[in-house]
Amino acid sequence: MGMGGQSGEEIQKHNLKTDKWLVIERKVYNITQWVKCHPGGMRVIGHYAGEDATDAFHAFHPDKNFVRKFLKPLYVGELAENEPSQDRDKNAQQVEDFRALRKTAEDMGLFKSNPAFFIVYLFHILLIEFLAWCTLHYFGTGWIPTILTVLLLTISQAQAGWLQHDFGHLSVFKKSKWNHLIHKFIIGHLKGASANWWNHRHFQHHAKPNIFRKDPDVNMVNVFVLGDTQPVEFGKKRIKYLPYNHQHLYFFLIGPPLLIPIYFTIQIMKTMITRKDWVDLAWSVSYYARFFITFVPFYGVLGSLALLNAVRFIESHWFVWVTQMNHLPMVIDHEKYKDWLETQLAATCNIEPSFFNDWFSGHLNFQIEHHLFPTMPRHNYWKIAPLVRSLCSKYNVTYEEKCLYHGFRDVFRSLKKSGQLWLDAYLHK
């Protein structure tokens, strides 16, 4: 305690499982009990225990006045007058300039969505699904119509994945409840997955991208070693669950082919049942019911099951390469307590914009802008990108953009590099 308020050093002590404080706009809150009720999940807010969470708060909550009502009972006090607003020796001017950039984006109306964009997007997904049914109805179930149907369903599933992502980030409607409702419809009824499972997992990734123990997307359950530090740590400890020096090769066998058909499917079902999330389970069941009602008349039960897994097998490759090309080649490490701008830029890169790249990746080729402003509608990323690039240039923060081929190539190279670091440490350290 100092000069009528809490010191940064004192706040940093409150980062335990049973004792969590954080700071938002110089106000100190005790979130120890609230984490269990947090709509975004207990982990995403818990990852900021003992820290200033101002920028994360603004990034995730479009209606901040509504959220502040829940913060009032958690209020502990203010930061001491002699305490800087930026904790852990962060660059104060850089932090303020980023917040000024966010204010500029708000003034430019870049957080307002164009409903027509998302209506057309949803229509094109439904149209592609309908074309898949028409292919079988008019041309039968021969090899060529079946292959065409698989490709059409894969496209619709991948694109539905990008669209649910928009609603999950509350970037379409002004009212959060409408975003949540349509999110459940798209991810549940159109894809058979769980909105709550996605929220709790994906928001952690955004809060602490590429940070071990905080970002679930870099929790490879000892199948892969990532970045520069983890391989050396594993090597020094003689940890060898798999021959990691060959991980860039077995990635093609157990990475893209299995993520959605096996790992995600099992995890999603297990999560909904163990957490008794009956609403999401009902939405998921409605997807499977619709799928089998549609395709059993053509292929029978076993044939329809094979069709489903063929679609998910191909979609999984699409999903993995698009999502990993923006993150896997970047910095993956333990928590370094950087400010919001540096945290996101260290973990993300962009892929050159084009009509195809934008569509193919669901505008996640603008990964930097998406991570800095996750509630911004994707059709506005290109407008804020030059301003983000300018801010990064001012503070010598690397803003990396590459072509699609180099994005795919760097996934392979990063896995190979990490595997070699592991082998060198395993043999020589």
Side-chain angles (χ1 to χ4, degrees), residues 113-114 116-132 147-169 171-172 186-187 190-191 193 198 202 205-206 209 217 251-252 255-261 264 310-330 347-374 376-385 399-414:
S113 72
N114 178 0
F117 174 89
F118 296 101
I119 292 172
V120 171
Y121 207 93
L122 176 59
F123 176 77
H124 109 284
I125 292 169
L126 298 176
L127 177 61
I128 293 170
E129 281 207 9
F130 178 68
L131 289 176
I147 291 172
L148 182 58
T149 297
V150 168
L151 293 177
L152 288 170
L153 289 176
T154 299
I155 292 171
S156 69
Q157 283 294 289
Q159 292 300 323
W162 306 143
L163 186 59
Q164 67 82 22
H165 180 265
D166 297 310
F167 288 93
H169 275 295
S171 65
V172 181
I186 295 174
I187 196 173
L190 296 186
K191 290 192 62 62
W198 183 90
H202 193 65
H205 161 70
H206 270 270
D217 287 2
F251 170 77
F252 291 94
L258 302 183
L259 184 66
I260 290 180
F264 274 4
V311 170
R312 287 187 167 173
F313 174 81
I314 301 174
E315 181 203 357
S316 189
H317 285 77
W318 189 336
F319 173 82
V320 169
W321 286 102
V322 167
T323 56
Q324 295 310 304
M325 68 183 179
N326 299 119
H327 294 297
L328 205 60
M330 306 305 290
T348 57
C349 67
N350 280 4
I351 302 300
E352 294 173 348
S354 70
F355 179 82
F356 175 78
N357 288 352
D358 295 353
W359 174 84
F360 181 72
S361 67
H363 287 86
L364 293 182
N365 52 325
F366 288 94
Q367 193 71 208
I368 292 172
E369 289 70 29
H370 171 56
H371 264 255
L372 290 175
F373 310 106
M376 181 180 289
R378 64 158 113 162
H379 52 71
N380 289 332
Y381 292 157
W382 68 274
K383 298 178 183 178
I384 195 66
Y399 182 106
E400 186 172 350
E401 182 176 276
K402 60 187 75 170
C403 69
L404 186 63
Y405 166 73
H406 287 165
F408 291 162
R409 179 201 64 185
D410 288 348
V411 171
F412 177 84
R413 285 185 173 182
S414 64

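Everything numeric in this text was worked out from a predicted model, so none of it was measured. We number each residue from 1, following the sequence as shown.
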Open item on the list: Applying the side chain to side chain donor-acceptor pair (under 3.5 Å) criterion to His169, which one of His206, Arg378, Gln164 satisfies it?
Closed with: His206
Task: Residue pair Phe408 / Leu404, side-chain heavy-atom distance below 4.5 Å - done: yes
Open item on the list: Please find the pair of heavy atoms, one from His371 and one from Pro209, that lie closest to each other, and give the distance.
Closed with: CE1-CB, 3.9 Å
Open item on the list: Just checking His205 against Trp198, ring centres under 6.0 Å apart?
Closed with: no
- [ ] Scan Ile351, Thr348, Leu372, Val322 and name whichever one has a side chain to side chain contact (heavy atoms under 4.5 Å, CB included) with Gln367.
- [x] Thr348
Task: Thr154 side chain reached by Phe313 side chain, heavy atoms, under 4.5 Å - done: no
Open item on the list: Just so I know, are the side chains of Ile368 and Tyr381 near enough to count as touching, which here means a heavy-atom distance under 4.5 Å?
Closed with: no
Open item on the list: On a heavy-atom basis, which atom in Ser316 and which in Ile260 lie closest, and how many Å separate them?
Closed with: OG-N, 3.1 Å
Task: Side-chain heavy atoms of Trp359 within contact of Trp162, under 4.5 Å - done: no
TODO: Please round to the nearest 0.5 Å and tell me the distance separating atom CG of Asn380 and atom CD of Glu369.
DONE: 11.5 Å
TODO: Identify which one of His363, His379, His165 satisfies the ring pair (Phe, Tyr, Trp, His ring centres under 6.0 Å) criterion when paired with His370.
DONE: His165
Open item on the list: Minimum heavy-atom separation for Leu153 and Val311, please, with both atom names.
Closed with: CB-CG2, 3.7 Å
Task: Minimum heavy-atom distance Asp166-Ser171, with the two atoms named - done: O-OG, 2.8 Å
- [ ] Verify, without hydrogens or angle tests, whether Trp382 (side chain) and Phe366 (backbone) share a donor-acceptor contact under 3.5 angstrom.
- [x] no
TODO: Quick one: pull up OG in Ser414 and CE in Met325 and give me the separation to the nearest 0.5 Å.
DONE: 13.0 Å
Task: Full working for side chain to side chain contact (heavy atoms under 4.5 Å, CB included) between Phe167 and Leu163 - done: CA-CA 7 Å; Phe167 288 93; Leu163 186 59; 3.8 Å; yes
Open item on the list: Nearest 0.5 Å, please: how far is CZ in Phe117 from OH in Tyr121?
Closed with: 6.5 Å
TODO: Report yes or no: does Gln157 contribute a side-chain atom to a donor-acceptor pair with the main-chain N or O of Leu190 at less than 3.5 Å?
DONE: yes
TODO: Enter the distance from Leu151:CG to Leu131:CG here, rounded to the nearest 0.5 Å.
DONE: 13.0 Å
Open item on the list: For Ile186, is there any backbone N or O sitting under 3.5 Å from a side-chain donor or acceptor partner on Lys191?
Closed with: no
TODO: Given side chain to side chain contact (heavy atoms under 4.5 Å, CB included), test Asp410 with Lys402 step by step and report yes or no.
DONE: CA-CA 10 Å; Asp410 288 348; Lys402 60 187 75 170; 2.7 Å; yes
Open item on the list: With heavy-atom distances below 4.5 Å as the criterion, would you say the side chains of Phe252 and Phe412 are in contact?
Closed with: yes
- [ ] Give, for atom CG of Asn350 and atom SG of Cys403, the distance between the pair rounded to the nearest 0.5 Å.
- [x] 13.0 Å
Task: Side-chain heavy-atom pair Glu315, Pro261 within 4.5 angstrom cut-off - done: no
Open item on the list: To the closest 0.5 Å, what do you measure between CG (Leu364) and CG (Asn326)?
Closed with: 7.0 Å
TODO: Could I get the full list of side-chain contact (heavy atoms from CB on, under 4.5 Å) partners for Pro256, not counting sequence neighbours?
DONE: Phe251, His317, Val320, Trp321
TODO: Please list, chain by chain and in numerical order, all residues satisfying salt bridge (Lys or Arg N to Asp or Glu O under 4.0 Å) with Asp358, sequence neighbours excluded.
DONE: none
TODO: Please name the pair of heavy atoms, one in Met330 and one in Cys349, separated by the smallest distance, quoted to 0.1 Å.
DONE: SD-CB, 3.7 Å
